[in-house]
Amino acid sequence: MSIHIAESRDAMAAQAAADIAREIRSCLAHQSGVRIVFAAAPSQSEMLAALCAEKDIDWPRVTAFHMDEYLGLPADAPQRFGLWLCRAIFDRLPFAAAHLIEPGDDPMQTAADYAVKLNAAPIDIVCCGIGANGHLAFNDPPADFIDPLTVKVVELDAECRQQQVDDACFPRLSDVPTHALTITVPGLLAARAIFCTVPGAMKAEAVRRTLLGPIDPACPASALRTHPGCALYLDSESASALGTR
């Protein structure tokens, strides 16, 4: 894993976006299209804004997916991750397609259908973050590192749900859905390249466990250390528990 520590959140985001843009251009130079999975979270806002400003990317050759979605919210709820990503990037750039997770009345079938879309061709890039509890997407601890599924229904743990309140996405814990759809850990690690952007002091302990603890389902993000093409972007706050700059 390559680790990049920036002095500020904006500098971290700019470096991550520049590296993601470089990877997209490199892929497009030798293949017909690029398939990217995006995370939806406030931690990704600055990086996505910087990525939107990158030049010389043939976005009509890029197909977008996202990695998780709440269950039980109204279709027009602003907290829906698909809608958040539409505002942050999907509606701002001319993608070939942006495949939203629409939970519908049968989440299990939705999971299976979305897995078919994801598995139709290799995923080139995953743009992700790390949760305060160490989760990847909505794979809360203990995560299944050998999950046979690509997408599944999960129950969100208390720390994960509290993070949504701390991030000002929901006013109260009782408003946060208890279940969601998520791409599994193996589904995310199947990507050729992973760019993980993690700002803020709230993530410092999760970052420490990810990098310095055992590779263990108790810290789902520790699985990133098994991937040969993962880059991690931190700011001074999220790197503060590592003991070095």
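Fair warning: this is a prediction, and the values are worked out from it, not measured in the lab. Only this structure's heavy atoms are used, side chains among them; waters, hydrogens and symmetry mates stay out.
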Worksheet item: Does L224 reach the side chain of L189, with side-chain heavy atoms less than 4.5 Å apart?
Response: yes
Fill in: Closest non-hydrogen atom pair between A50 and A17, with its separation
CB-CB, 3.5 Å
Discussion item. For F81, give me all partners under ring pair (Phe, Tyr, Trp, His ring centres under 6.0 Å), at least two apart in sequence or on another chain.
Written reply: Y70, F138
Worksheet item: Is the side chain of Q163 donor-acceptor paired with the backbone N or O of E159 at a distance under 3.5 Å, no angle test?
Response: no
Item to complete: Treat each ILVMFWY residue as a node, draw an edge where side-chain heavy atoms are under 4.5 Å apart, and state whether L83 and F170 are in one component.
Response: no
Worksheet item: Which atom names give the shortest non-hydrogen contact between A111 and V151, and what distance separates them?
Response: O-CB, 3.5 Å
Discussion item. I'd like to know if the side chain of H179 reaches the main chain of G72, judged simply by a donor and an acceptor atom lying under 3.5 Å from each other, with no hydrogens or angles considered.
Written reply: no
Worksheet entry | Side chains of I125 and V34 in contact at under 4.5 Å (non-hydrogen atoms) | yes
Item to complete: Under the side-chain hydrogen bond (donor to acceptor under 3.5 Å, both in side chains) rule, collect the residues that match up with D166, sequence neighbours excluded.
Response: Q162
Fill in: M1 side chain near I194 side chain, heavy-atom distance below 4.5 Å
no
Worksheet item: Would you say the side-chain atoms of S238 and D235 include a donor-acceptor pair closer than 3.5 Å?
Response: yes
Worksheet item: Where the side chain of T184 meets the backbone of L149, is there a donor-acceptor pair that is under 3.5 Å apart?
Response: yes
Discussion item. Return the CD to CG distance between Q79 and L73, rounded to the nearest 0.5 Å.
Written reply: 6.0 Å
Item to complete: Would you mind listing every salt bridge (Lys or Arg N to Asp or Glu O under 4.0 Å) that reaches into residues 193-207, with sequence neighbours excluded?
Response: E205-R208
Item to complete: Might you point out which heavy atoms bring W84 and L48 nearest each other, and give the distance in Å?
Response: CZ3-CD1, 3.6 Å
Worksheet item: From I57 CD1 over to L51 CG, what is the distance, rounded to the nearest 0.5 angstrom?
Response: 5.5 Å
Practice prompt. Quick one: closest heavy-atom pair of F145 and C219, and the distance?
Written response: CZ-O, 4.1 Å
Worksheet item: Is any side-chain heavy atom of C127 less than 4.5 Å from a side-chain heavy atom of T197?
Response: no
Discussion item. Taking the side chain as everything from C-beta on, heavy atoms only, tell me whether I89 gets closer than 4.5 Å to F38.
Written reply: yes
Worksheet item: Would you say R35's side chain and L118's backbone share a donor-acceptor pair under 3.5 angstrom?
Response: yes
Worksheet item: Going by the salt bridge (Lys or Arg N to Asp or Glu O under 4.0 Å) test, which pairs reach into residues 175-187, not counting sequence neighbours?
Response: R172-D175
Discussion item. With a 4.5 Å cut-off on side-chain heavy atoms, are R225 and L232 touching?
Written reply: no
Worksheet item: Among all residues two or more places apart in sequence or in another chain, which pass the ring pair (Phe, Tyr, Trp, His ring centres under 6.0 Å) test with H99?
Response: F65
Item to complete: For A39 and G129, work out which heavy atoms get closest and say how close.
Response: CB-N, 4.3 Å
Response to the item:
Sequence neighbours excluded, the answer for side chain to side chain contact (heavy atoms under 4.5 Å, CB included) partners of S8 is D10, A11
Practice prompt. Please collect all ring pair (Phe, Tyr, Trp, His ring centres under 6.0 Å) contacts where either partner lies in residues 9-31, sequence neighbours excluded, each pair once.
Written response: none
Discussion item. Are L188 and Y114 linked, directly or through intermediate hydrophobic residues, by side-chain heavy-atom contacts shorter than 4.5 Å (ILVMFWY only)?
Written reply: yes
Practice prompt. For residues R25 and E54, determine if any side-chain heavy atom of one lies less than 4.5 Å from a side-chain heavy atom of the other.
Written response: yes
Worksheet item: Is the backbone of E23 close enough, under 3.5 Å, to the side chain of S26 for a donor and an acceptor to pair up by distance?
Response: no
Worksheet item: To the nearest 0.5 Å, how far apart are OG1 in T182 and CG in L156?
Response: 9.0 Å
Worksheet entry | Pairing residues for D157 by the side-chain hydrogen bond (donor to acceptor under 3.5 Å, both in side chains) criterion, not counting sequence neighbours | N133
Worksheet entry | salt bridge (Lys or Arg N to Asp or Glu O under 4.0 Å): pairs with one or both residues in residues 73-96, sequence neighbours excluded | E69-R80, R80-E102
Discussion item. For the backbone of D106 and the side chain of T110, can you confirm whether one donor and one acceptor N or O come within less than 3.5 Å of each other?
Written reply: yes
Item to complete: Compare every heavy atom of A132 with every heavy atom of M202, then report the nearest pair and how far apart it is.
Response: O-CB, 4.1 Å
Discussion item. Working to the nearest 0.5 angstrom, can you tell me the gap between I215 CD1 and T226 OG1?
Written reply: 6.5 Å
Practice prompt. Flag the pair Q31 / D124 as yes when at least one side-chain heavy-atom distance between them is below 4.5 Å, and no otherwise.
Written response: yes
Item to complete: Would you sort out whether I101 and D68 count as a side chain to side chain contact (heavy atoms under 4.5 Å, CB included), showing the intermediate values?
Response: CA-CA 7 Å; I101 301 173; D68 43 19; 5.5 Å; no
Practice prompt. Flag yes if L71 and L173 sit in one hydrophobic cluster, no otherwise; membership is Ile, Leu, Val, Met, Phe, Trp, Tyr, and two members link when side-chain heavy atoms are under 4.5 Å apart.
Written response: no
Worksheet item: Mind checking whether L28 and I36 sit in one hydrophobic cluster, side chains of I, L, V, M, F, W, Y counted as touching below 4.5 Å?
Response: yes
Fill in: H66: partners by ring pair (Phe, Tyr, Trp, His ring centres under 6.0 Å), with sequence neighbours left out
none
Discussion item. Among residues at least two apart in sequence or on other chains, which ones pass ring pair (Phe, Tyr, Trp, His ring centres under 6.0 Å) with H4?
Written reply: Y233
Practice prompt. Using atom types as modelled and distance alone, determine if a side-chain donor or acceptor of S222 lies under 3.5 Å from a backbone N or O of D216.
Written response: yes
Discussion item. As an exercise, state the distance from CG of N139 to CG of D144, rounded to the nearest 0.5 Å.
Written reply: 8.5 Å
Discussion item. Using the rule that Ile, Leu, Val, Met, Phe, Trp and Tyr join whenever any side-chain heavy atoms are under 4.5 Å apart, tell me whether I20 and I183 fall into a single cluster.
Written reply: no
Item to complete: Could I get the full list of side-chain hydrogen bond (donor to acceptor under 3.5 Å, both in side chains) partners for R9, not counting sequence neighbours?
Response: E46
